[in-house]
Amino acid sequence: MKESGGGRKQGTPSPCAACKLLRRRCAQDCVFAPYFPAEEPHKFANVHKVFGASNVNKMLQELPVHQRGDAVSSMVYEANARVRDPVYGCVGAISSLQQQIDMLQSQLAQAKAEVVHLRVWQNATLSNHGPNPASPSNSGSPSSRLMASQGKSIFDMDMMVDQPSLGDSIW
């Protein structure tokens, strides 16, 4: 069971990660204990490496208690980013994410433009020689496709069979 003081168990005064790294006795009112538990020593190690224990202590002391958790989260994030990228830190990560956003927005705009282009082309095609959705030549069968490719409907072909052409004699 944990005390209200943070990362120490009752009966066993286990120092927080900060005090353990700094090799000092962890006091009951240790400012680090609630935010750097003994089970997560890497958190404080990176924060200490980037900011220094004295500076972190000062920052936490100056903040109201309800803001300290957010401040520690920010420091841990920045410290981890600095360890990964010593030059740019989290600014490098933000820049990389911004480039990805820009690239994806460009791809999205290109895809939207292509959709509009295809819709315009489809509408123009349908309005110029558009097949009537209700016509039998739009059924998709092989014979209807053959008739559609010749530009005549099935009914026109029936009329051609029944009526002789001008050059033919009836007798």
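Side chains are part of it too, since the values below use all heavy atoms of this structure and drop only hydrogens, waters and symmetry mates.
The two residues C16 and F32 have their closest heavy-atom pair at SG-CB, 4.0 Å. Shortest non-hydrogen contact noted between A124 and S127 is O-OG, 3.1 Å. The two residues A18 and F44 make their nearest non-hydrogen contact at CA-CD2, 3.4 Å. Closest non-hydrogen pair, A33 versus C26, comes out as CB-SG, 4.4 Å. Listed here is the closest heavy atom pair of A81 and C90: CB-N, 3.4 Å. Considering every non-hydrogen atom in both L63 and R68, the closest pair reads O-NE, 3.2 Å.
Atom CG of N46 is separated from atom OH of Y77 by 13.5 Å, given to the nearest 0.5 angstrom. Distance check: L108 CG to K112 NZ gives 4.5 Å after rounding to the nearest 0.5 Å. How far CG of L22 is from NZ of K20: 12.5 Å, rounded to the nearest 0.5 Å. Between N57 atom CG and H48 atom NE2 the span is 12.5 Å, to the nearest 0.5 Å. Rounding to the nearest 0.5 Å places CD of Q67 at 14.0 Å from CE of M59. Note that OG of S73 and NZ of K43 are 6.5 Å apart. Values are rounded to the nearest 0.5 Å.
Side-chain N or O atoms of S106 include none that pairs as donor or acceptor with a backbone N or O of D102 at under 3.5 Å. Formation of a donor-acceptor pair under 3.5 Å by the R82 side chain with backbone atoms of V87 is found in this model. Side chain of S95 to backbone of V91: no donor-acceptor contact under 3.5 angstrom is found.
Hydrophobic cluster membership is shared by V31 and V65, with clusters built from Ile, Leu, Val, Met, Phe, Trp and Tyr side chains linked at under 4.5 angstrom.
Remark: Q110 CD is loosely packed, at most 12 non-hydrogen atoms of other residues, nucleotides or ligands lying under 6.0 Å away.
Between V83 and H42, the closest side-chain pair of non-hydrogen atoms is not below 4.5 Å. Inter-residue side-chain proximity for F36 and V72 is flagged as met; some heavy-atom pair is nearer than 4.5 Å.
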Original post:
Please walk me through it: do V76 and E40 pass side-chain contact (heavy atoms from CB on, under 4.5 Å)?
Top reply: CA-CA 12 Å; V76 168; E40 300 175 11; over 6 Å; no
